[in-house]
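To keep things clear, I will list the structure first and then write my remarks on it.
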Amino acid sequence: MNIINIKDKEFYLVTILIVMFFGITAATITGSAVRDAIFLIRYEKKFLPLMYVIIAVVMTFFIEIYKRISINKSPSTFFVLSGSFFIASLFVFHRNLFGPMVPLLYVWVEVITIIIIIQFWMLASELLDTRQAKRIFPIITAGGSFAAIGSGYLIKPFVKHYGSENLLLLTIGFLALSTFAAHLLKRYIPKKVTIEPTIINKTRIKNYKLEPYLKHIAIMIACSAFISRLVDYQFKVMASNAFPSQNNLVSFFGTYYMVTGAATLLMQSVITGFVLTRFGILAGLIFLPLSLLFGSMAFLIFGSFATVFILKFSDQVFKFSMNNAVKEILWLPLSSLKRNRSKPFIDGTIKSFVEGIAGAAIFLLVYFNFLPDSKVYLLSIM
C-alpha cells in the first residue's frame, strides 16, 4: 500500500473511513441538490436568506443537545444511532414533500449535514494520530471527491426517470451506507476510562473560555462561513434565474457537483499532499481565502453567471480539499475531552451563528430593495 501511502495494518481501517466519508458526501450532495431546487422553485428567492437565519437558530439548539447526549458514548455507536434517526426522518419528508415541509426539509438537510460531518471527523480523530492524519486525511477526503463525481453524474439520469423529489431516496441510501460503515468501526475505537459526569462538568466550567489557539480557529471558521453564505446566495439566485424548471435546476446542481468533485480529486491527488508535506499546514490554509478574494473581485466586476460559477467552484474545491484536510489536522493536538467539547461549539454553534448573521444581512438588503436579483453581484463588496 506504499503507492497510496497507507501501511498494511491501516488498510482495512482506512478503507472503512473512505467508504463512510463517501456515503456522507454523496448523501450531502443529493440531499442539498433536491432541497435547494425544490425550495428555489416553490418559494420566492428573497426567503432564502431567512433559511440561513433559521438554520443558525436551529443548529445552536441541536449542537447543545448533541454535546449533552454524546458525553461518554462511543463515537461509532453514537453515529449509528443518529444516522438511523436521520434516515427515518428523511422517509417522513419524502412522503410529505409539500407546503411547510419544503422549508423544513431545507433546514433539516443542513442539520444532518453539519452533525454527521462533525461526528465523522471526531471519530476519525479518535482513530488516527497526528502523523497518520497528515497522510490519511487527504486520502479520506478523496473518497468524498469520488462521491461528488459519482453522485453528481447520477443525479441527472435519476431525475429524468424518477423525478427530483425521489432523489431523497438516494440520500437515504447513502446515509445507510455511512451508518453501516460506522458500525464496522466499533472494534477500532480505543477503550478509555469513563469520566464521571461531575468531573466533566467541573472541567467544562473551568475551561469555558476558549484558549488563544481555539480562538484563532474559531475566527478562521467564522470568516469562511460568512463569506461562503454570501457566495452560496449569489450562486443559487443566479442558478435559479438561469434554470427556472425544478428538474433542470436539480440536474444543473448534479453537473456542478460532478465537476467540482473531479477538481477536488485532482487537488487531493496532486497538490494537497505535496503542499502539506513540503510547506506545512499554514501554507495550505492560504488557498481558500485567496481564491475567494479573486473570485469575488471577478464577480463584482463582470457580474455574469460564469464568474459566480467560478467563485462558487473555487469555494467548493478549496474548502473540501486543502482547507478541510488542514482544518481537521488543527484539532489533533488537543485532548480528546477538549476536542469533543470545543469542536461542536466552533464548527456548529459559532459557524451557524455567523451564517445566520450573513443571512440576516442579505435578507435586510433584499427586503428593503437594496439588492435586487439583477444586482446580486454587489454582495461581493462585503
Side-chain angles (χ1 to χ4, degrees), residues 32-33 36-37 39-41 44-53 148 152 219-244 248-249 251-264 266-267 270-272 275 283-324 326 351 354-382:
S32 297
D36 287 342
F39 182 85
L40 289 169
I41 297 301
E44 292 185 43
K45 291 184 282 291
K46 68 180 181 181
F47 293 120
L48 180 59
L50 281 181
M51 293 297 100
Y52 301 154
V53 178
I219 292 171
M220 181 182 67
I221 290 174
C223 290
S224 176
F226 187 88
I227 297 168
S228 291
R229 272 307 186 211
L230 300 183
V231 173
D232 185 68
Y233 177 77
Q234 291 173 315
F235 176 70
K236 288 175 181 176
V237 167
M238 296 289 285
S240 62
N241 289 338
F243 301 94
N248 289 340
L249 187 56
S251 297
F252 165 73
F253 284 141
T255 302
Y256 162 76
Y257 286 123
M258 181 178 65
V259 173
T260 54
T264 304
L266 180 64
M267 276 286 298
V270 178
I271 300 175
T272 300
V275 170
L285 287 173
I286 200 66
F287 279 79
L288 180 62
L290 282 179
S291 67
L292 291 173
L293 172 64
F294 290 112
S296 295
M297 289 173 61
F299 186 46
L300 180 62
I301 294 170
F302 298 104
S304 64
F305 182 59
T307 51
V308 77
F309 181 92
I310 294 173
L311 173 58
K312 180 66 174 177
F313 175 86
S314 301
D315 182 40
Q316 187 88 7
V317 170
F318 288 112
K319 181 189 294 180
F320 292 103
S321 59
M322 184 81 70
N323 192 261
N324 263 15
V326 174
K351 180 173 177 288
V354 173
E355 289 175 342
I357 293 175
I362 297 170
F363 178 74
L364 291 175
L365 290 172
V366 172
Y367 182 80
F368 290 106
N369 206 30
F370 292 123
L371 191 72
D373 288 354
S374 59
K375 295 184 179 180
V376 71
Y377 57 86
L378 292 177
L379 272 178
S380 292
I381 295 174
M382 298 177 68

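Values in this document were obtained by computation on a predicted structure and should not be read as measured data. Only heavy atoms go into these numbers, but all of them, side chains included; no hydrogens, no water, no symmetry mates.
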Heavy-atom pair with the smallest gap, counting every atom of Ala225 and Lys351: CB-CG, 3.7 Å
Atom CG in Asn241, atom CG in Leu249: separation rounded to 0.5 Å? 10.0 Å
Contacts of type salt bridge (Lys or Arg N to Asp or Glu O under 4.0 Å), residue Lys46, not counting sequence neighbours: Glu44
Quick one, Leu379 and Leu365 - any side-chain contact, counting heavy atoms below 4.5 Å? yes
Roughly how far, to the nearest 0.5 Å, is the OG atom of Ser296 from the CD1 atom of Ile301? 11.0 Å
Determine yes or no for a side-chain-to-main-chain donor-acceptor pair under 3.5 angstrom, with Glu355 supplying the side chain and Tyr52 the backbone. no
Decide yes or no for Cys223 and Ile219: does some side-chain heavy atom of the first lie under 4.5 Å from some side-chain heavy atom of the second? yes
Contact summary for Ala37 and Phe253, nearest pair of heavy atoms: N-CE1, 4.1 Å
Option from Leu311, Asp315, Val317 for which side-chain contact (heavy atoms from CB on, under 4.5 Å) with Phe313 holds: Val317
Gln234 CD to Phe309 CZ distance, which is reported to the nearest 0.5 Å: 15.0 Å
Give a yes or no on whether the backbone of Val237 and the side-chain of Ser240 come within a donor-acceptor separation of less than 3.5 Å. yes
Is any side-chain heavy atom of Lys375 less than 4.5 Å from a side-chain heavy atom of Phe370? no
Shortest non-hydrogen contact from Ile286 toward Ala283: CG2-O, 3.1 Å
Just checking Phe294 against Phe318, ring centres under 6.0 Å apart? no
So Tyr256 and Phe235, would you call those rings parallel, tilted or perpendicular, with 30° and 60° as cut-offs? tilted
Going from CE on Met382 to CD1 on Ile362, what distance comes out if it is rounded to the nearest 0.5 angstrom? 7.0 Å
Would you give the length of the straight line joining atom OG of Ser228 to atom CD1 of Ile221, rounded to the nearest 0.5 angstrom? 11.5 Å
Expected output: side-chain Ser224 to main-chain Met220 donor-acceptor under 3.5 Å: no
Partner residues of Phe47 under the ring pair (Phe, Tyr, Trp, His ring centres under 6.0 Å) criterion, sequence neighbours left out: none
Ring pair (Phe, Tyr, Trp, His ring centres under 6.0 Å) filter on Tyr233, not counting sequence neighbours, yields none
CG of Leu48 to CG of Leu40: how many Å apart, nearest 0.5 Å? 6.0 Å
Nearest non-hydrogen partners of Ser380 and Leu300, listed with the distance: CB-CB, 3.9 Å
In terms of heavy-atom contacts, Leu371 and Val366 come closest through O-CG2, 3.8 Å
Heavy-atom closest pair (Pro49 atom, Gly359 atom, distance to 0.1 Å) is CB-O, 3.1 Å
Can you list the residues that meet the salt bridge (Lys or Arg N to Asp or Glu O under 4.0 Å) rule with Asp232, with sequence neighbours excluded? Arg229, Lys236, Lys312
Which residues pass the ring pair (Phe, Tyr, Trp, His ring centres under 6.0 Å) test with Phe226, sequence neighbours left out? none
Which residues pass the ring pair (Phe, Tyr, Trp, His ring centres under 6.0 Å) test with Phe363, sequence neighbours left out? Tyr367
Criterion ring pair (Phe, Tyr, Trp, His ring centres under 6.0 Å) against Phe305, the qualifying member of Tyr377, Phe252, Phe299: Phe252
